[in-house]
Amino acid sequence: MSESTPRRIVIFGVTGQIGQELVDRLDESEWSVAELIGVASPDSAGTTFSFGGQDLDVVSEWPRLEGADLVFLCTRAVEALEVVRECLKAEVACIDLTGAVSGQDAVPLVFSAAAGAGQAPLLSCPSPTALAWDAVLRAVAGEGAVVRATGTVLSSAAAHGRAGVVALSEESIALFNQSQAPDPGPAGQGVAFDVLPSAGLARARGELARSFGPGPVIAIGAAEVPTFVGEAASVLVELDAPADLETLVTRLADHPLLEVVADGPGSRGLVAVEGELGGPVGPTMRDAAGESGVRVGRIEAEPSLAAGTAFRLWFTMDPLRIAADHALAIAEARLGPA
Ligand SMILES: NC(=O)c1ccc[n+]([C@@H]2O[C@H](COP(=O)([O-])OP(=O)(O)OC[C@H]3O[C@@H](n4cnc5c(N)ncnc54)[C@H](OP(=O)(O)O)[C@@H]3O)[C@@H](O)[C@H]2O)c1
């Protein structure tokens with residue numbers, strides 16, 4: 001890796017949650033970076049971000065893209081299409097993390113960076129939800145197939161971007177202080193100490209449909225819980241061929257994105273207050289915060305369906321980490337080791 005050509009990288013949305021995570025992951029990586037340009041909206045003019053031990057200026061005027069090796073697109077989807085057009089015009093490779101083009105069949109949706117990313121000018125990085133569900137369902141199926149997967153995604157305030165996290169924080173403080181509630185944030189209503197039905201799964205559903213085609217029925221509902229980070233899911237998976245629990249656990253443990261967490265205290269090391277109540281169980285959403293990969297636990301056979309054909313499981317992840325790790329892996333597959 002040390003003999004590679006230093007890259008010139010542009011990140012649109014550098015001040016956002018995913019842009020920031022990408023900068024941090026790039027900084028920790030062995031990538032040789034000649035130049036990193038971070039772009040954000042005019043609201044961020046005059047601010048800086050840190051990379052390689054230096055404070056770099058956030059740019060609000062769009063930079064010249066000609067000559068760049070790669071653009072990472074981490075704005076909201078509404079701003080993304082214009083950037084995509086500029087990248088295509090400048091003939092610069094672009095990895096879109098926003099989902100703006102993930103429904104376009106002409107744009108490769110890269111679930112497996114290891115399988116190679118080809119030379120397409122524009123690549124779409126699946127949402128963390130789709131990446132996690134795809135990995136779990138493929139692992140559970142083994143050589144067979146999933147007939148149906150039914151479950152619920154629990155998302156945090158961070159799913160609404162940095163503004164969602166700020167809103168939850170301000171609402172929580174106002175409730176504790178018994179002061180006037182602030183105006184609702186991007187969820188459109190108060191979220192603190194509440195659970196909202198969520199409608200934000202169109203992107204993940206579409207991406208999973210692209211990945212699996214007309215095969216399994218994948219029926220996902222969603223709720224928004226008042227946590228600051230993380231995403232979790234509870235899912236019932238039905239298989240076409242019976243498997244035993246041990247085989248299922250081995251399949252999950254063998255998948256590179258997944259880590260099976262044994263029943264027992266969560267990884268935060270909590271202990272039971274009362275012995276007979278048993279230990280608190282993981283993996284929790286906080287267990288996954290700041291960690292790579294997807295933690296899978298609570299794997300059990302579903303007794304109401306034919307033996308060996310249906311299993312319940314629970315998984316948690318840090319969506320920002322999952323997306324940033326995957327985008328960097330796609331970039332390496334597209335450009336070669338940097
Ligand atoms: N949150 C997640 O878990 C997650 C995971 C994977 C993918 N994604 C996707 O990644 C994208 C960003 O999500 P996020 O959570 O990071 O959102 P965020 O925290 O709200 O960040 C949005 C970013 O876009 C920038 N931006 C807004 N308008 C712009 C413009 N005209 N030109 C350039 N930059 C502009 C913002 O800059 P300012 O700071 O100046 O406003 C900020 O840097 C979304 O499309 C989301 O769907 C999110």
Side-chain angles (χ1 to χ4, degrees), residues 1-104 106-110 113 116-126 161-162 320 323-338:
M1 282 208 183
S2 53
E3 289 170 22
S4 57
T5 319
R7 308 287 191 198
R8 184 171 171 251
I9 311 284
V10 183
I11 299 180
F12 280 83
V14 75
T15 52
Q17 301 180 105
I18 190 76
Q20 197 53 62
E21 183 74 26
L22 200 51
V23 169
D24 291 347
R25 300 302 286 153
L26 201 54
D27 215 359
E28 288 162 19
S29 77
E30 291 176 22
W31 274 51
S32 172
V33 178
E35 186 179 20
L36 178 62
I37 300 176
V39 191
S41 81
D43 294 346
S44 296
T47 63
T48 60
F49 65 101
S50 75
F51 180 75
Q54 288 182 296
D55 287 335
L56 305 180
D57 290 332
V58 172
V59 171
S60 54
E61 296 276 324
W62 286 16
R64 233 177 95 79
L65 297 180
E66 283 84 358
D69 293 295
L70 186 67
V71 168
F72 288 107
L73 190 36
C74 306
T75 62
R76 293 171 308 167
V78 283
E79 285 104 22
L81 286 178
E82 211 183 326
V83 183
V84 164
R85 273 193 290 273
E86 288 302 312
C87 290
L88 292 173
K89 226 190 299 172
E91 298 185 359
V92 175
C94 174
I95 298 177
D96 175 42
L97 288 89
T98 73
V101 292
S102 69
Q104 295 184 16
V107 179
L109 180 63
V110 186
Q119 284 306 302
L122 175 61
L123 298 166
S124 181
C125 176
R162 212 184 32 207
L320 299 172
D325 283 346
H326 195 66
L328 282 182
I330 295 174
E332 262 197 49
R334 176 68 175 74
L335 299 177

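Reckoned from all heavy atoms, side chains included, excluding hydrogens, waters and symmetry mates.
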Nearest 0.5 Å please: distance from the [atom1] atom of [X] over to the [atom2] atom of [Y].
{"X": "L123", "Y": "C94", "atom1": "CG", "atom2": "SG", "result": "8.5 Å"}
{"X": "C87", "Y": "L70", "atom1": "SG", "atom2": "CG", "result": "8.5 Å"}
{"X": "S102", "Y": "L109", "atom1": "OG", "atom2": "CG", "result": "6.0 Å"}
{"X": "L73", "Y": "I18", "atom1": "CG", "atom2": "CD1", "result": "11.5 Å"}
{"X": "L22", "Y": "L97", "atom1": "CG", "atom2": "CG", "result": "6.5 Å"}

Taking C-beta and beyond as the side chain, do Q20 and L320 meet within less than 4.5 Å on heavy atoms?
no
Determine whether a donor-acceptor pair (N or O, by modelled atom type, separation under 3.5 Å) exists between the side chain of [X] and the backbone of [Y].
{"X": "H326", "Y": "V110", "result": "yes"}
{"X": "D57", "Y": "V59", "result": "no"}
{"X": "R7", "Y": "L335", "result": "yes"}
{"X": "E332", "Y": "A329", "result": "no"}
{"X": "D27", "Y": "G52", "result": "yes"}
{"X": "R334", "Y": "A120", "result": "yes"}

Which atom pair, heavy atoms only, marks the closest approach of [X] to [Y]?
{"X": "C125", "Y": "A323", "answer": "SG-O, 4.1 Å"}
{"X": "L65", "Y": "A90", "answer": "CB-CB, 3.8 Å"}
{"X": "S124", "Y": "I330", "answer": "O-CD1, 4.5 Å"}
{"X": "E21", "Y": "A324", "answer": "CG-CB, 3.6 Å"}
{"X": "W31", "Y": "L328", "answer": "CZ2-O, 4.0 Å"}
{"X": "V10", "Y": "V39", "answer": "CG1-CG2, 3.9 Å"}

Check this for me: E28, atom CD, are more than 12 non-hydrogen atoms of other residues, nucleotides or ligands nearer than 6.0 Å?
yes
Within 6.0 angstrom of E66 CD, more than 12 heavy atoms from elsewhere
yes
Tell me, with the steps shown, if R8 and I37 meet side chain to side chain contact (heavy atoms under 4.5 Å, CB included).
CA-CA 8 Å; R8 184 171 171 251; I37 300 176; 3.4 Å; yes
Between E82 and R85, is the closest basic N to carboxylate O distance under 4.0 Å?
no
Yes or no on side chain to side chain contact (heavy atoms under 4.5 Å, CB included) for L81 and V101, after CA distance, side-chain angles and deciding distance?
CA-CA 8 Å; L81 286 178; V101 292; 3.9 Å; yes
Which one of F51, F49, F72 satisfies the side chain to side chain contact (heavy atoms under 4.5 Å, CB included) criterion with I11?
F72
